[in-house]
Trainee: 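Sharing a structure here in structure tokens format.
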Amino acid sequence: MAADEPHDHDHDRPAPAPLWHGRFATGPSESLWEYTVSLPFDRRLAPFDLAASAVHVRGLGDAAILSDEEVESLLRALDVVGREIEEGAFGFEPTDEDIHTAIERRVTEIAGDAGARVHTGRSRNDQVATAFRLFCKQAAFDVAVALVGLCDVLLTRAVDAGEAYLPGYTHLQQAQPVLLAHHWLAHFWAFSRDLDRVLATRERLDVSPLGAGALAGSSLPLDPAVAARRMGFSAVFDNSLDAVSDRDFAAELLFDLVMVGVHLSRIGEEIVVWSTSEFGFVRLDERYSTGSSMLPQKKNPDIAELARGKAGRLIGNLTGLLATLKALPLSYNRDLQEDKEPVFDALDQITRGISAVAGMVSTLTTDLDAMASSADNPVAGATDLAELLVRRGIPFRQAHAIVGDLVRRHLDGEEDLVALVRAEPRLGEEGAALLAPGMAVRQRRTPGGGGPGPVSEQRRAAAERLRSDRERVEALAGTALPPAGD
């Protein structure tokens, strides 16, 4: 019985016999079957299992364990199964514990006795590890493509922003104004780092475990290196115990996805704040916002809020997997069945989240007047006043205290800050001029800073980085899901 079918909770009713029934005189209990079955979630590994199985069949042919006719029969059967699964015509049976046993059962139905030989020299331990690595290679590639698209959106916004500026914040308190382009590019660089991590993880996981068997390899003349090459892996395992028990790659990929989620959450939080009536910096496109079932005036930033909310779910996936892995003895343990659902869930949430956030950011409207008006608060130029005093020979700590006293007096209602600065003999008219609208952002001149000069150079560097990133990802296109043969 499949786990998602109704049942009467009769725990004494036996489940159908699994593929490993020969060792046992009786079949498993229904409760064991329902608890251990993974078919409801591992079906998405089907194309990867089919590709690896075809390679394994060819290896059995190379070793003369299968005849040429048996090899061709099995490859045809695998093709049929692939089409059935793709077209939704595959008939799952109660005995299908997971997608791997389902495929083998159907191949045997199609190919007859030859199908019963497809698992020769292979364990589900190395079979599952291989399919999962192939899946993760594809997943890393898909996420990398999506990240390139999101970075493109952010760079486009940075270019279109020109020299518009807004307040920069620390502690969510106004600090110094920066160009809006500088702000968009801050997110660009974060997601570009995410892309680096994903591609590096993809490179490290590009190792074939096929041929490791259950834990110690096989006595049959199989060649894991040939199998690895045929599957498009760049390397083959060094230690069979490690090969079937290693899930570092899953944890690494999950961490990478979590970091993307954290960065989506951060940009989501800013959009939530910026779109409030109190800030009024952005207006969301109706296609990327929702309304209220009760309040007719509402336009809610649901994408931004979900990006923020799902980060906790993703972090939970990562900590759950690490807790599963932390004390497992070598080699394979059934605990490792818990490696897939967190990765699958994180991948689904991240790919959808990147797409939704990219659409939200690309279509929102910025209110540049509201941004500039908020950024032109004279107190935002306080640091420039202190640095003017430094240039006049006053130690920074003394300069900080002088300007801080002027700001305090202004906030206490004594007088306008510009007037107070103008009356301060150590600042005078030159100091007062630094508080003029738009002046503070133009003072940001150091490399990597938020003023016009540095941001112009940063746009150029970001465009070059995006070009390089796109080329790196395009170079991988077509390699993630390998062909069945040479």
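Not measured: the values here are computed from a predicted model.
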Trainee: Less than 4.0 Å between a side-chain N and a carboxylate O, is that true for Arg422 and Asp416?
Mentor: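 Between Arg422 and Asp416 there is no salt bridge, as every charged N stays at least 4.0 Å from the carboxylate O atoms.
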
Trainee: Working to the nearest 0.5 Å, report the span between CG of Leu134 and CZ of Phe132.
Mentor: 11.5 Å

Trainee: So which heavy atom on Val407 is nearest to which on Ala382, and how close?
Mentor: CG2-CB, 4.3 Å

Trainee: Is any side-chain heavy atom of Arg157 closer than 4.5 Å to a side-chain heavy atom of Leu154?
Mentor: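 Contact flag for Arg157/Leu154 side chains = no.
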
Trainee: Run the numbers on Asp339 and Leu321 for side chain to side chain contact (heavy atoms under 4.5 Å, CB included), then give the verdict.
Mentor: CA-CA 6 Å; Asp339 60 354; Leu321 178 58; 4.1 Å; yes

Trainee: Can you find a pair of side-chain heavy atoms, one from Pro342 and one from Leu254, that are under 4.5 Å apart?
Mentor: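 Yes - at least one pair of side-chain heavy atoms lies under 4.5 Å apart.
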
Trainee: Hey, is Arg408 close enough to Asp405 for a salt bridge, meaning N to O under 4.0 Å?
Mentor: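 Yes, Arg408 and Asp405 are salt-bridged.
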
Trainee: Does Asp194 pair with Arg197 as a salt bridge, N-O distance under 4.0 Å?
Mentor: yes

Trainee: Is it true that a side-chain atom of Ser292 and a backbone atom of Met294 form a donor plus acceptor pair closer than 3.5 Å?
Mentor: yes

Trainee: Looking at Asp384 and Arg442, is there a salt bridge between them, counting it only when a charged N and a carboxylate O are closer than 4.0 Å?
Mentor: no

Trainee: Between Glu457 and Pro447 (side chain of the first, backbone of the second, donor and acceptor by atom type, cut-off under 3.5 Å), is there such a pair?
Mentor: no

Trainee: Donor-acceptor check, side chain of Tyr165 to backbone of Gly438, threshold 3.5 angstrom: yes or no?
Mentor: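 Such a contact is found between Tyr165 side chain and Gly438 backbone.
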
Trainee: Any heavy-atom pair between the side chains of Leu205 and Glu252 that's under 4.5 Å?
Mentor: no

Trainee: Looking only at heavy atoms, what is the nearest atom pair of Phe135 and Val343, with distance?
Mentor: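 For Phe135 versus Val343, the nearest heavy atoms are CE2-CG1, 4.4 Å.
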
Trainee: Is there a side chain to side chain contact (heavy atoms under 4.5 Å, CB included) between His187 and Glu270? Walk through the geometry before answering.
Mentor: CA-CA 11 Å; His187 292 295; Glu270 291 188 333; 2.7 Å; yes

Trainee: Looking just at side-chain N and O atoms, do Ser234 and Asp206 make a donor-acceptor pair shorter than 3.5 Å?
Mentor: yes

Trainee: For residues Leu314 and Gln349, report the shortest heavy-atom separation together with the two atoms involved.
Mentor: CD2-CB, 4.1 Å

Trainee: Main chain of Val244, side chain of Arg247: is a donor-acceptor contact present, judged purely on distance under 3.5 Å?
Mentor: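 Present.
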
Trainee: Tell me, do Arg444 and His182 make a side-chain contact under 4.5 Å, heavy atoms counted?
Mentor: no

Trainee: As an exercise, state the distance from CG of Asp142 to CG of Leu147, rounded to the nearest 0.5 Å.
Mentor: 11.0 Å

Trainee: If you count the non-hydrogen atoms of other residues, nucleotides and ligands that lie under 6.0 Å from CD in Glu203, is the total more than 12?
Mentor: no

Trainee: Salt bridge or not between Asp248 and Arg204? Use side-chain N to carboxylate O under 4.0 Å.
Mentor: no

Trainee: Going by the angle between their ring planes, with limits at 30° and 60°, are Phe281 and Phe279 parallel, tilted or perpendicular?
Mentor: perpendicular

Trainee: At what distance, to the nearest 0.5 angstrom, does CG of Leu180 lie from CG of Asp160?
Mentor: 10.0 Å

Trainee: In Å and rounded to the nearest 0.5 Å, what is the CG to CG distance from Asp367 to Asp369?
Mentor: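 The distance works out to 6.0 Å.
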
Trainee: Thinking salt bridges, do Asp42 and Lys340 make one under a 4.0 Å N-O criterion?
Mentor: no

Trainee: Between the side chain of Ser265 and the main-chain N/O of Gly261, is any donor-acceptor distance below 3.5 Å?
Mentor: no

Trainee: Given the ring of Phe233, does Lys137 sit roughly above its face, with NZ or CZ under 6.0 Å from the centre of the six-membered ring and within 45° of the axis?
Mentor: yes

Trainee: Only one of Arg124, Arg43, Arg44 passes salt bridge (charged side-chain N to carboxylate O under 4.0 Å, His left out) with Asp98; say which it is.
Mentor: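 So the option named by the test is Arg124.
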
Trainee: Is a side-chain donor or acceptor of Thr201 paired with a backbone partner of Val198 at a separation under 3.5 angstrom?
Mentor: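 Not at all, since once roles are kept as given, no pair shorter than 3.5 Å links the two residues.
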
Trainee: Using a strict cut-off of less than 4.0 Å between a Lys/Arg side-chain nitrogen and an Asp/Glu carboxylate oxygen, indicate whether Arg334 and Glu97 qualify as a salt bridge.
Mentor: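 Looking at Glu97 together with Arg334, the answer is yes, because their closest N to O distance falls below 4.0 Å.
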
Trainee: Taking all heavy atoms of Leu185 and all of Ala158, pick out the closest pair and write down the distance.
Mentor: CG-CB, 3.7 Å

Trainee: Would you confirm whether Ser456, through its side chain, and Gly453, through its main-chain N or O, come within 3.5 Å as a donor-acceptor pair?
Mentor: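 Checking the backbone N and O of Gly453 against the side chain of Ser456, no donor-acceptor pair under 3.5 Å is found.
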
Trainee: Determine, step by step, whether Leu284 and Ile271 satisfy the side chain to side chain contact (heavy atoms under 4.5 Å, CB included) criterion, reporting the C-alpha distance in whole Å, the side-chain angles of both residues, the deciding distance to 0.1 Å, and the verdict.
Mentor: CA-CA 9 Å; Leu284 298 178; Ile271 298 301; 3.8 Å; yes

Trainee: How about Val207 and Val236: do any of their side-chain heavy atoms sit closer than 4.5 Å?
Mentor: no

Trainee: So do the side chains of Glu430 and Arg392 get within less than 4.5 Å of each other, counting heavy atoms only?
Mentor: yes

Trainee: With a 3.5 Å distance limit and no angle check, can you tell me whether Ser374 reaches the backbone of Ala370 through a side-chain donor-acceptor pair?
Mentor: no

Trainee: Any donor and acceptor pair, going by atom type alone, linking the side chain of Thr276 with main-chain N or O of Val272 inside 3.5 Å?
Mentor: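 Judged by distance alone, no pair lies under 3.5 Å.
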
Trainee: Could Glu464 and Arg460 be called an ion pair, given the rule that one side-chain N must be under 4.0 Å from one carboxylate O?
Mentor: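 No, no charged N to carboxylate O under 4.0 Å.
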
Trainee: Please examine the side chains of Phe237 and Asp246, heavy atoms only from C-beta on, and report whether any two atoms are closer than 4.5 Å.
Mentor: no

Trainee: Within the supplied structure, the quantity of interest is the number of heavy atoms (other residues, nucleotides, ligands) at a distance under 6.0 Å from Asp412 CG; does it exceed 12?
Mentor: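 Count over threshold, so yes.
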
Trainee: Assess the residue pair Arg202 and Asp256 against the criterion (salt bridge (Lys or Arg N to Asp or Glu O under 4.0 Å)); give the C-alpha distance rounded to whole Å, side-chain angles, the decisive distance to 0.1 Å, and a yes or no.
Mentor: CA-CA 10 Å; Arg202 186 184 183 279; Asp256 298 341; over 6 Å; no

Trainee: Tell me yes or no: between the side chains of Asp469 and Ser192, is some donor less than 3.5 Å from an acceptor?
Mentor: yes

Trainee: Drop me the distance from Asp152's CG to Phe188's CZ, to the nearest 0.5 angstrom.
Mentor: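 If we round to the nearest 0.5 Å, Asp152:CG and Phe188:CZ are 8.5 Å apart.
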
Trainee: Compute whether any side-chain donor of one residue and acceptor of the other, for Gln127 and His56, lie under 3.5 angstrom apart.
Mentor: no

Trainee: If you compare all heavy atoms of Ala181 against all heavy atoms of Ala161, which two are closest, and at what distance to 0.1 Å?
Mentor: N-CB, 3.9 Å

Trainee: Is there a side chain to side chain contact (heavy atoms under 4.5 Å, CB included) between Leu406 and Arg409 once you walk through the steps?
Mentor: CA-CA 5 Å; Leu406 295 175; Arg409 290 162 57 191; 3.6 Å; yes

Trainee: Could you pull out the closest heavy-atom pair between Ala358 and Val153, with the gap in Å?
Mentor: O-CG1, 3.8 Å

Trainee: Evaluate the criterion salt bridge (Lys or Arg N to Asp or Glu O under 4.0 Å) for residue pair Asp196 and Arg472; output intermediate values, then yes/no.
Mentor: CA-CA 10 Å; Asp196 268 347; Arg472 286 196 293 164; 2.7 Å; yes

Trainee: Does any part of the side chain of Arg83, heavy atoms only, come nearer than 4.5 Å to the side chain of Val80, both counted from C-beta?
Mentor: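 When only atoms from C-beta onward are counted, Arg83 and Val80 do touch, with a gap below 4.5 Å.
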
Trainee: Looking at Asn317, Ile315, Ile350, which one forms a side-chain contact (heavy atoms from CB on, under 4.5 Å) with Val258?
Mentor: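 Testing Val258 for a side-chain contact (heavy atoms from CB on, under 4.5 Å) against Asn317, Ile315, Ile350 leaves exactly one candidate, Ile315.
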
Trainee: Check whether Asn300 reaches the backbone of Asp302 with its side chain - one donor and one acceptor, N or O, closer than 3.5 Å.
Mentor: no

Trainee: Rounded to the nearest 0.5 Å, what separation is found between the CZ atom of Phe48 and the CD1 atom of Ile99?
Mentor: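 It comes to 12.0 Å.
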
Trainee: With Ile103, which of Leu45, Val81, Asp96 fulfils side-chain contact (heavy atoms from CB on, under 4.5 Å)?
Mentor: Val81

